[in-house]
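What follows is a set of notes on a single structure, which appears directly below.
Both backbone and side-chain heavy atoms feed into the values below; hydrogens, waters and symmetry mates do not. Residue numbers run from 1 in the order of the sequence given. Order of listing sets the numbers, starting from 1, for every ligand and every atom in it.
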Amino acid sequence: MTYPTQPVASHYVHGAYVEDSAGAPMEVNYPATGEVIATLHEATPAIVDRALDAAREAQAEWAALSGTERGRVLRRAADIIGARNHDLSVLETRDTGKPYQETSVADATSGADALEYFGGLAGSLTGEHIPLPGGDWAYTMREPLGVCVGLGAWNYPTQIACWKAAPALACGNAMVFKPSETTPLCALKVAEILTEAGAPPGLFNVVQGAGRVGAALTTDPRVAKVSLTGSVPTGKRVYAAAAAEMKHVTMELGGKSPLVIFEDADLDDAVGGAILGNFYSSGQVCSNGTRVFVHRSIRDTFLDRLAERLQGAVIGDPLDPATSFGPMVSEAQLQIVQSYIAKGVGEGARLVTGGQRLDRPGYWITPAVFADVTDDMVIAREEIFGPVMCVLDFDDEDEVIARANATEYGLSAGVFTRDLRRGHRVIAALQAGSCFLNSYNDAPVELPFGGVKMSGVGRENSKAAIEHYSQMKSVYVRMGRVEAPF
Ligand code: TXE
């Protein structure tokens, strides 16, 4: 039996489900059919207050444990998630509409990887000893920040909750997590599982709601850090609000990433990379390579091969393991995508295939490919966040580097070529935080993930995330006498 979609209650605070029906109702739709699968309530100020108090209390207790003990809890949570991967994946599919074929290998599993990885690191987080002249010395201590807030987007609800919670908790922090109002279900399961794994009550709390609840968390003086996954406009607002009290931030924001395919690329790999980087999760991935620059000499062959491969997309019931392409997350997101497709056509781009809304309940649109796209078109400049690939032609390396970098974003970039030197040279010149050579969109926990320019601040995953969830204290130790001038 899989999990019911209606949770026991809307929020998870101090190790238990809590409800406050005074909060505005929030309906959750199954994107594949549009049907209401759960009704929750937005967090009232009283719930936010309880969650922050619970986190503050738990944080002190948690930070007093050894890193090894903290790590054990995280690793146990990873094991529980692994054992329940099927049920968690079904819930993720219902929450987001993403096909089970994806959720069963990319969501709870990725969350479990983060918990296991940071659980393993927790015991080795230390400061250092620094010898100084005259027998003096110093040491550094790595300290937690305190209570951290996580604000999630709707595209990877389980993964985002775990990617934020795992390094935060490993470093001795507590967290209040607010999922996206569009996909509120999965983070509650992460909270339940952490409790089951031995986390003290209040260590990881989930409160529901939209921007107003996120803003209340961001500005609360009990909060030391805010980590957001979302859009650039929201990122600017949250960053500015956090700055008022000099809070730490991690910003994982949007992108319009370039994927550069040279004439010597393995064409099937390049087509595969472009498919992964545009149509996985129905294109709702921040790091997608949505500006596909294809060398003019292979452009037509590339488009033919792509059209052939797209015939293989199985669009249907997301819970059927054979389905490889699901609906958009919401009617609103579908309409955004449709409006961009209309803009692309209006601007003179050639719609090679797809882009049609399917005549069925739910939020379905077929994968779209535009060719003859030019840099100035709106579809080549703005993040669409849907299954819309823009193919642009180029003639030489310097030209494509300049054009690829001519964007305010800098999340990801990919290069397909068989020329070893060119591959590394071009990657080095691209302004992006997460790059791929002859691949696209791999995000193992061992690698730092994050953007440059408007795509964000800070890094998630890898040892780099530790720097963003802890602070250093340095202690000077004088072994001799203190010599003062008077
Ligand atoms: O993101 P939002 P949404 C992009 C994508 C998409 C757009 C909107 O372009 O079309 O964002 O998606 C909370 N203070 N990405 O609506 O609005 C909000 O409740 C504090 C890129 O999901 O940025 C949610 O929990 N919090 C992205 C979170 O911030 C606030 C993945 C993100 O909301 C707030 C998904 C405020 N003032 C969408 N306002 C990626 N980069 O991965 C909103 N929130």
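Counting heavy atoms from C-beta outward, Phe325 and Pro99 have side chains that stay 4.5 Å or more apart. The closest side-chain heavy-atom distance from Ile193 to Phe204 is not below 4.5 Å. With a 4.5 Å cut-off on side-chain heavy atoms, Tyr469 and Leu169 do not count as touching.
Against a heavy-atom cut-off of under 4.0 Å, Lys178 is close to the following atoms of ligand 1: 18 (C), 19 (O), 24 (C), 25 (O). Interface atoms of ligand 1 facing Glu252, defined by a heavy-atom separation under 4.0 Å, are 41 (N). Interface of Leu228 with ligand 1, defined as ligand atoms under 4.0 Å from a residue heavy atom, comprises 28 (C), 29 (O). Every atom of ligand 1 with a heavy atom of Leu151 under 4.0 Å away is listed here by number and element: 20 (C), 26 (N). Near Ser180, meaning under 4.0 Å from any of its heavy atoms, are these atoms of ligand 1: 25 (O). Residue contact check: Gly214 has heavy atoms under 4.0 Å from atoms 14 (N), 20 (C), 26 (N) of ligand 1. Using a 4.0 Å cut-off to heavy atoms of Glu383, the atoms of ligand 1 that qualify are 4 (C), 5 (C), 9 (O). Within the listing of ligand 1, atoms 41 (N) sit less than 4.0 angstrom from a heavy atom of Gly254.
For a threshold of 3.5 Å applied to N or O pairs, the pair formed by Glu181 and ligand 1 contains at least one separation below that value. In terms of polar-atom proximity, Thr229 is not counted as a contact of ligand 1, lacking any N or O under 3.5 Å from an N or O of the ligand. In terms of polar-atom proximity, defined here as any N/O pair under 3.5 Å, Leu253 does make such a contact with ligand 1. Checking only distances, Ile384 never comes within under 3.5 Å of ligand 1, N or O to N or O.
Of the N and O atoms on the side chains of Gln208 and Lys178, not one donor lies less than 3.5 Å from an acceptor on the other residue. In summary, the side chains of Asp442 and Ser439 do present a donor paired with an acceptor at a separation below 3.5 Å, with no hydrogens or angles considered. A donor-acceptor contact closer than 3.5 angstrom links the side chains of Thr33 and Glu35. Using modelled atom types and a 3.5 Å distance limit, the side chains of Lys164 and Ser227 yield a donor-acceptor pair.
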Next item on the list: Go through the steps to decide whether Ser281 and Glu102 satisfy the test side-chain hydrogen bond (donor to acceptor under 3.5 Å, both in side chains), and finish with yes or no.
Entry: CA-CA 8 Å; Ser281 301; Glu102 289 186 16; 2.9 Å; yes
Next item on the list: Before giving the answer on side-chain hydrogen bond (donor to acceptor under 3.5 Å, both in side chains), spell out for Gln159 and Ser110 the whole-Å C-alpha distance, their side-chain angles and the decisive distance to 0.1 Å.
Entry: CA-CA 6 Å; Gln159 185 191 83; Ser110 160; 3.0 Å; yes
Next item on the list: Could you please spell out the steps behind the side-chain hydrogen bond (donor to acceptor under 3.5 Å, both in side chains) verdict for Asn438 and Asp269?
Entry: CA-CA 7 Å; Asn438 292 325; Asp269 277 355; over 6 Å; no
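When the heavy-atom distances from atom 36 (C) of ligand 1 to Ala332, Pro157, Gly211, Ser455 are ranked, the shortest goes to Gly211. Distances from atom 35 (C) of ligand 1 to the heavy atoms of Ala153, Ser287, Pro179, Ser231 put Ala153 nearest. Considering Thr234, Ile336, Leu411 only, the shortest heavy-atom separation from atom 44 (N) of ligand 1 involves Thr234.
Of the protein's non-hydrogen atoms, Phe385 CG, 3.4 Å is the one closest to atom 5 (C) of ligand 1. The protein non-hydrogen atom at the shortest distance from atom 27 (C) of ligand 1 is Gly230 O, 3.6 Å. In terms of protein heavy-atom proximity, atom 25 (O) of ligand 1 is nearest to Gly152 O, 2.7 Å. Atom 37 (N) of ligand 1 has Arg237 NE, 3.8 Å as its closest protein atom, hydrogens excluded (heavy atom only). When hydrogens are left out, the protein atom nearest atom 40 (C) of ligand 1 is Cys286 CB, 3.1 Å; that is the closest non-hydrogen contact. Closest protein heavy atom to atom 3 (P) of ligand 1: Trp154 NE1, 3.3 Å. From the protein, the heavy atom lying nearest to atom 14 (N) of ligand 1 is Ala215 N, 3.4 Å.
At least one heavy atom of Gln333 sits under 4.0 Å from some atom of ligand 1.
Taking Asp376 as the reference, Thr374 meet the side-chain hydrogen bond (donor to acceptor under 3.5 Å, both in side chains) condition, with sequence neighbours excluded.
Residues Tyr100 and His86 bring their aromatic ring centres within 6.0 Å.
Among pairs with a residue in residues 147-188, those fulfilling ring-ring contact (aromatic ring centres under 6.0 Å, His included) read Trp154-Phe385, Trp163-Phe449, at least two apart in sequence or across chains.
Figure legend: cation-pi geometry between Lys453 and Tyr409 absent, as NZ or CZ is not positioned both under 6.0 Å from the six-membered ring centre and within 45° of its axis.
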